[in-house]
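Following: one structure in C-alpha cells, then a few remarks.
Per chain, numbering begins at 1; letters A, B, ... match sequence-line order.
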Amino acid sequence: MTKPFDPSSLPAHFDAASAERRWDARWSEAGAYHWDDRRGRDETFVVDTPPPTVSGSLHMGHVFSYTHTDVLTRQRRMRGQNVFYPMGWDDNGLPTERRVQNFFHVKCDPTLPYEPELAIEPADEQRRKSERPRVVSRKNFIELCHRVTGEDEKAFEALFRRIGLSVDWRQTYATIDDRCRHIAQQSFLDLVEKGQLYNVEAPTMWDVDFQTAVAQAEVEDREKPGAFHDIEFAVEGGGSFVIATTRPELLPACVGVCAHPEDDRYKSYFGKRAVTPIFRAPVRIFASELADPKKGTGILMVCTFGDATDVSWWRSEKLPLRAIIRRDGTLRPVTFGSDEFPSLDPRRANEAYAELVGKGVTQARKLIVERLHDPASGATGEEHRGGERAPLMADPKPIQHPVKHYEKGERPLELVTTRQWFVRLLPDAARGEDNQARLLEKGREIRWWPEFMHTRYHNWTAGLNSDWCVSRQRYFGVPIPVWYPIDAHGVTDFDHPIYPTREELPVDPMSDAPRGFDEKMRGEPGGFVGDPDVFDTWFTSSLTPQISSHWGLDPERHAKLFPADIRPQSHEIIRTWAFYTIAKAMLHEGRVPWRNVVISGWILDPDRKKMSKSVGNVVTPMKLLEEYSADGVRYWAASARLGTDTAFDEKVLKVGKRLVTKLFNAGKYVLSQSAEGDVSPHAITHEIDRAFVWELRGLVEATSAAFAEFEYAQALMLTEQFFWSRLTDNYLELVKVRARGEAGDPDGRRSAVAALRLALDVLIRLFAPFVPFITEEIWSWSFAEERGTPFVHRAPWPSLAELAPIPSPASPDSFALGCALFAALNKKKTESGASVGRVVTSATIAANEALMPRIEPALGDVLAAAKVKSHTLVAREALGLDAGFVIETIEIAPKEAKAEEPLPS
RNA sequence: GGGCGAUUAACUCAGCGGUAGAGUGCCACCUUCACACGGUGGAAGUCGCAGGUUCAAGUCCUGCAUCGCCCACCA
C-alpha cells in the first residue's frame with residue numbers, strides 16, 4: 001500500500017509568502033542553482049545576464065524580462081544542463097556618478113592622489129546646502145560608489161530572490177569593480193595590439209554641457225524649432241547667390257560653398273570663389289553630388305563644422321579648418337586676416353567677430369542675424385556689388401527639423417575637434433579590412449528570437465557612419481590605461497602612447513606611473529602624463545560574457561563559458577549593448593559572443609505607452625508580489641512571448657494566483673489518493689487511464705518542442721490548458737469514484753491512482769520553470785523523497801522515454817469520448833435545472849452507432865462520475881460521428897436522495 | 001524620408017492556408033465530500049480597410065489607414 005499522504009498535515013490554504021522565503025533559503029543552502037565548474041562547455045548552458053543599472057529603481061519591466069530568462073534557464077537545468085546564470089550590477093556611468101556625488105556631496109578629481117584613510121559620511125541636506133562638495137580622487141570616488149551601490153544591489157538581489165530567479169549568486173560582478181576594470185583595460189590593450197584601436201585628433205560629436213565626446217549610438221534626433229536664414233554671398237568676378245542656412249552663427253567658420261554638379265543655377269560658379277558676408281572670407285565654390293538641389297536654395301555653405309556632411313566635404317575637398325566652437329560651446333577668439341582666417345576686410349571682420357567671442361551658440365546666432373540685417377555687412381569691393389542691401393534676404397523662415405542630441409543631454413551636439421580613441425568599425429581600404437562587413441556576417445551567425453529583431457541589428461550595422469569613439473571626458477569610469485611621453489621641450493607626444501602590461505592591470509594612469517618612470521616625472525619635460533579620460537560605459541558593458549568567463553584571467557574557465565548560449569535583452573539596446581558585444585567578441589577572438597539573442601518586449605501601460613517612472617504609471621513589484629505571490633507574478637510575465645510588447649493587465653496576475661491555488665488543491669487531492677500494492681506507472685492498466693496518459697505524452701512533446709524554440713509562453717499555455725481542462729475538470733472527476741475504491745475494482749483503483757500520481761508528477765515538472773514555489777512545495781510532499789531528488793528544479797524534465805513503459809491505449813480517443821459524454825450529461829443536468837452533483841435515476845444516451853463500442857471503456861467511469869444509476873444507449877444514425885453524444889431523456893432523483901443512493905458499480 | 005512590428009469577442013492575448021479560440025468580464029444555474037481563488041452551461045467577433053493569389057485566406061501577396069518602435073547628412 002502506498003503510504004497514504006495525509007493532507008490534514010497541510011494548511012487549508014497555500015501561504016505563498018512563507019513558501020517563498022523558505023524555498024529561497026533552502027535552494028540557497030543546498031546550492032541548488034550552482035554552476036558546476038567541473039563539467040565541460042558542451043553540457044553547460046550559459047546565460048549572459050543583463051546587469052541592471054543599480055542606481056535605477058525596481059520596476060515591473062525588470063520582473064518581466066528577468067522572469068523570461070529564468071523560465072528558460074530552469075527548463076534547461078531540468079533538461080540536465082549545467083546552467084551558468086550569473087548576475088552583474090551596472091554601476092559604471094552617469095546615473096551612478098550623479099548618485100554618488102549627491103549622496104556623499106563629493107566631486108571626483110582624477111588628478112588627486114588616493115587617500116586610503118578617507119572617511120566620508122553620507123551628506124545631509126544641511127551639508128549639501130552649506131558646504132562645497134568634497135573633492136576626492138578617482139579611487140576614493142570608486143570606493144564611495146561601491147558603498148552606495150551596495151545598498152541598491154541588496155534591494156535588487158532581494159527582489160530577484162523574491163521572484164525566484166535561479167541565479168548562482170556566487171557569480172556576481174559590478175562593472176566598476178577590479179575585475180571589470182581589468183578586463184575592460186585588457187580589452188583595450190588587446191585591440192591596440194590587433195591594430196583595431198587608434199587615437200586621433202578629429203572632429204567628434206561633442207556634448208557642450210557634459211563636455212565629452214559621444215558615440216553614434218548615444219546620439220538621438222530631436223525635433224526642434226529652427227529657421228532658414230536666406231543669406232546672400234557675393235561671387236568674386238561678379239554675381240551673387242543666396243544660401244539658406246539654419247546655423248548663421250557658423251558663418252565665420254565657413255570654408256567653402258557647394259551645389260549639385262547638375263544644378264544650372266550655380267554651374268557657372270564652380271571653381272570661382274565666393275565671399276562671405278560680414279567676414280568677407282573668400283571660399284571655394286565646388287560641386288558635390290551630396291548637395292540636394294531641392295533643399296533650401298540648392299547651394300549651401302560648408303563650415304567646420306556644422307554637420308557630418310561638412311566633415312566629409314572638409315576631408316574630401318581638403319578644405320581648411322576654421323574651428324570656432326570651444327569645448328564648452330562658446331566661440332573662441334580668432335583673428336581674421338590671418339592664414340587660418342583669411343578676409344578681404346580684416347578690420348571689419350575682426351570688429352564683427354569681437355562681439356561674438358565667449359558667446360554661446362544661441363547668443364552668437366542672434367548677434368550675427370542682427371548684423372546680417374545691416375546693408376554694410378554685404379559684400380563690397382570693386383568686383384562685387386556694393387553693400388547696398390542687407391545680406392539677409394528675408395525674415396528667417398521657421399521650421400521644425402531634427403537636431404542631434406546626446407541622449408542624456410539638453411543642448412544640441414556640436415562637432416568639435418578633439419583627440420579621442422576610436423575602435424575601428426568602418427571598412428578600411430588602406431588596411432584591407434572591412435569590420436563592418438564582418439559585423440554583418442556575425443549578426444547572421446547568431447540566432448535572434450524573434451527572428452525579425454535581426455533586421456534591427458542589420459540596419460544599424462549597415463548604417464554605421466563612424467568608428468566607435470570610446471573615450472569620454474568624464475572622471476568616473478574605467479580609466480583609459482595609457483600614458484604619453486613628454487619630450488625634452490615639454491611637448492606631449494600623443495603618437496607614442498605608453499601602455500601598461502596585462503599583469504599591471506587595472507591601472508589608473510592619473511595616479512599610477514608607467515613602468516620605468518617615477519611619479520615625480522609626471523607632467524615634467526622628459527617625463528609623462530596620464531590620459532585623464534575614461535571609457536564609454538559600453539566599452540565595459542560590451543564585455544559581459546568575457547567578464548563572467550574571466551577572459552584573460554582564467555583560460556580554462558573562459559573555455560567553459562564562452563561563447564554564451566543566450567543573451568537576454570530588450571530591443572531598444574540592440575544598437576548598443578548587443579552591437580558592441582558582438583563587435584568586441586569579433587575583434588578579440590573572431591567569434592560571436594553568444595549563439596542566441598532573446599529579446600523581451602516592453603510592458604506598456606493600459607494606454608499603450610511604455611511604462612516608465614517619469615510618466616508616473618509604474619506599479620511597484622513588491623506590492624504586486626504581496627498580493628498575487630511570486631508565482632502569480634511570474635505567471636503574468638511568462639504569458640508574454642518574446643519580443644512582444646504587452647499591456648500591463650492585473651487580470652492576468654489574478655489568473656496566475658488562481659492557478660497556484662488550483663495546483664495546491666489538486667496536488668493535495670491527488671497525493672491523498674492511495675491504493676493497495678504498486679501504484680507506479682506500471683499499474684496503469686485501464687484503457688481510460690492509458691488514453692489519458694497518451695494525451696499527457698502529447699503535452700510533453702509539444703511543450704518540449706516549444707521550449708526548444710524559446711516559446712515558453714506557448715508551453716505554459718499548453719500545460720495550463722491540460723492541467724485545467726484535461727486533468728482537473730475531466731480526468732480527476734471521471735476517476736474519483738474508481739480511485740476511492742468505491743467501484744470495487746482493485747486493479748482499476750490502482751490504475752487510477754497511479755495515473756493521477758503520474759500526471760501530477762509530470763505536470764508539476766512542466767510547471768516548475770514558471771511557478772517554482774508552488775511546484776517545489778508540492779514536490780516536497782512526496783515526490784522529493786520517492787525520487788531522491790530534493791528539488792523539483794533538479795528533477796528531470798519530463799520526456800517521452802519516461803512515459804514509454806506505459807502501453808498505448810487500445811483507442812487513443814477513448815478518454816476524449818468519455819469527456820464528451822460526461823460533458824453531455826452535465827449539460828443536460830444543467831439544462832434541466834439540476835446541479836451536476838445530483839443523482840440521475842435514468843438517462844437515454846444517443847449517439848452514432850460507430851461511437852457505441854468506442855465509448856464502452858469509459859462508460860463505467862462516466863456513469864459513476866455523473867451519478868447515473870441506470871441508462872439506455874441508443875444508436876441514431878442521423879447523428880454524425882462528430883455530433884458526439886446526445887442525452888435524449890434524463891430523470892433526476894429528488895435532492896434528498898442524493899447522498900444515500902448507492903452508486904452503480 | 002527609410003525600416004520593423006502591431007491591428008482577432010467588452011478587456012488581455014493565442015491561432016498564421018482548411019468550417020473563428022482561450023482567459024477575464026458578462027448572463028443563468030449550482031453551499032457537488034481537492035479547490036467558491038470552485039463547478040456546469042450560455043450569450044458575445046463582417047479576424048483594421050481595399051484589391052489579388054488559391055478549390056479554400058485572420059492565416060500568403062500588393063496597396064492604404066491607425067498605433068508603436070528603430071533608423072536617417074541637422075544646408
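One can place CD of E650(A) at 14 Å from C1' of C11(B), the figure rounded to the nearest angstrom. Regarding R658(A), its CZ atom lies at a distance of 10 Å from the C1' atom of A36(B), rounded to whole Å. Atom P of nucleotide C74(B) and atom CD1 of I243(A) are separated by 16 Å, given to the nearest angstrom. Separating the CG atom of N665(A) from the P atom of C33(B) is a distance of 13 Å, rounded to the nearest angstrom.
Between S835(A) and V655(A), the one whose closest nucleotide on RNA chain B sits nearer the 5' end is V655(A).
Aromatic rings from F707(A) and F770(A) are positioned such that their centres are separated by under 6.0 Å.
For W724(A) and G39(B), the shortest distance from a side-chain N or O to OP1 or OP2 is below 4.0 Å.
The base of C37(B) lies close enough to the side chain of T661(A) for a donor and an acceptor atom to sit less than 3.5 Å apart. Under 3.5 Å, the side chain of K651(A) and the base of C11(B) form at least one donor-acceptor pair of N or O atoms.
Between the side chains of H405(A) and K224(A), at least one donor N or O lies within less than 3.5 Å of an accepting N or O.
In this structure, C60(B) forms a base pair with G52(B), meeting either the Watson-Crick or the G-U wobble geometry with both donor-acceptor distances under 3.5 Å. The partner of G5(B) is C67(B), judged by Watson-Crick or G-U wobble contacts that both fall below 3.5 Å. Of all nucleotides present, none satisfies the Watson-Crick or G-U wobble test against A34(B) with each distance under 3.5 Å. Across all strands shown, the partner of U12(B) is A22(B), judged by Watson-Crick or G-U wobble contacts whose two distances both fall under 3.5 Å. Nucleotide A28(B) is matched to U40(B) when pairs are restricted to Watson-Crick or G-U wobble geometry with both distances under 3.5 angstrom.
Figure legend: K736(A) and Y669(A) shown as a cation-pi pair, the cationic atom lying under 6.0 angstrom from the six-membered ring centre and within 45 degrees of its axis.
Among the candidates V862(A), D861(A), V836(A), D729(A), the single residue satisfying the side chain to side chain contact (heavy atoms under 4.5 Å, CB included) test with F822(A) is V862(A).
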